[in-house]
Amino acid sequence: MQQQGFAFAREPDEALAPGARVLRGFVCEAGVALWAEVQRVAAAAPFRHMHTPGGRRMSVAITNCGARGWVTDRRGYRYVTEDPQGGAPWPAMPALFGEVAAAAATAAGYPDFRPDACLINRYEPSARMTLHQDVDERDFDQPIVSVSLGLPAVFLFGGAARGDKARRVSLQHGDVVVWGGPSRRFFHGVAPLREGEHALLGRARVNLTFRVAG
DNA sequence: TAGTCACT
DNA sequence: ACTA
């Protein structure tokens, strides 16, 4: 039976740019399990507010899991195998994370995606991410997979140059964005998170960013 | 010496 | 205030 409802109509998947797609509701019922795993990771490697090389405190709280974790401080951006806060290796990437990331990548046209890094960003209301590029990885042939959980957000997807006009894309709990190929190094960001309460996550949005870093 | 995952 |  076809979906007929205007009430539950959802925007279809769409291309954002060459090589970039939004997969709406891709996570489906796995959201609960993904959130449980995020909490396990955060128990071992707590969310913390890092600083940019310029010394500014980021509004987003960060942790990582997997073999490599992205960090930033006065010395710059880089991937490290140990949590600088405590010196232990980052928590292992949960199997479910790898499965969801690989499935999303395949659905977007990038088979055999095996990320070694999962950056976990926690946005509370007013937190934002200004336009930036993901360029700290070694192989730009590998795509980026970004999973949204919790409160909705407006994702900004620009172009190859900082000044390119950015598209505004509304992302809901369970949506996944994948970008690679010609759009692998495109500027992107997140508009300031609006107030709200999510049934599962409460007053927060959590984003999982999967990458092949090393 | 340009560029900056930040702010106004 | 750093690095590449």
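Keep in mind that the numbers below use all heavy atoms, side chains included, and drop hydrogens, waters and symmetry copies. In what follows, chains carry the letters A, B, and so on, assigned in the order in which the sequence lines appear, proteins first and then strands, with residues in each chain numbered from 1. Source: prediction; values computed, not measured.
Within the 4.0 Å cut-off from OP1 or OP2 of dC7(B), not a single side-chain nitrogen or oxygen of R57(A) is found. Using a 4.0 Å cut-off, some side-chain N or O of R162(A) falls inside it from OP1 or OP2 of dT4(B).
Which of dT4(B), dT3(C), dA6(B) sits closest to the side chain of R75(A) comes down to dT3(C). Taking every side-chain heavy atom of R74(A) into account, dC2(C) is the closest of dT8(B), dC2(C), dT4(B).
In terms of modelled atom types and a separation under 3.5 Å, the side chain of H198(A) and the main chain of G196(A) share no donor-acceptor contact. Between the T72(A) side chain and the H51(A) main chain, a donor and an acceptor come within less than 3.5 Å of each other.
Rounded to whole Å, atom C1' of dC7(B) lies 15 Å from atom NE2 of H51(A). The interatomic distance linking R128(A) (CZ) with dC7(B) (P) rounds to 5 Å, in whole Å. Spacing between atom CD1 of I62(A) and atom C1' of dA6(B) amounts to 13 Å, rounded to whole angstrom units. The separation between H49(A) atom NE2 and dA6(B) atom C1' is 14 Å, rounded to whole Å. Rounded to an integer number of Å, the gap from CE of M58(A) to P of dT4(B) is 14 Å. dA2(B) atom C1' lies 14 Å from atom CD of Q133(A), rounded to whole Å. In this structure, CG of L131(A) is placed 13 Å from P of dC7(B), rounded to the nearest angstrom.
One distance of note links OG of S146(A) with CH2 of W179(A); it measures 5.0 Å at 0.5 Å rounding.
At the heavy-atom level, D136(A) lies under 4.0 Å from base atoms of the strands shown.
Cation-pi geometry between R184(A) and F140(A) is not met at under 6.0 angstrom from the ring centre and within 45 degrees of the axis.
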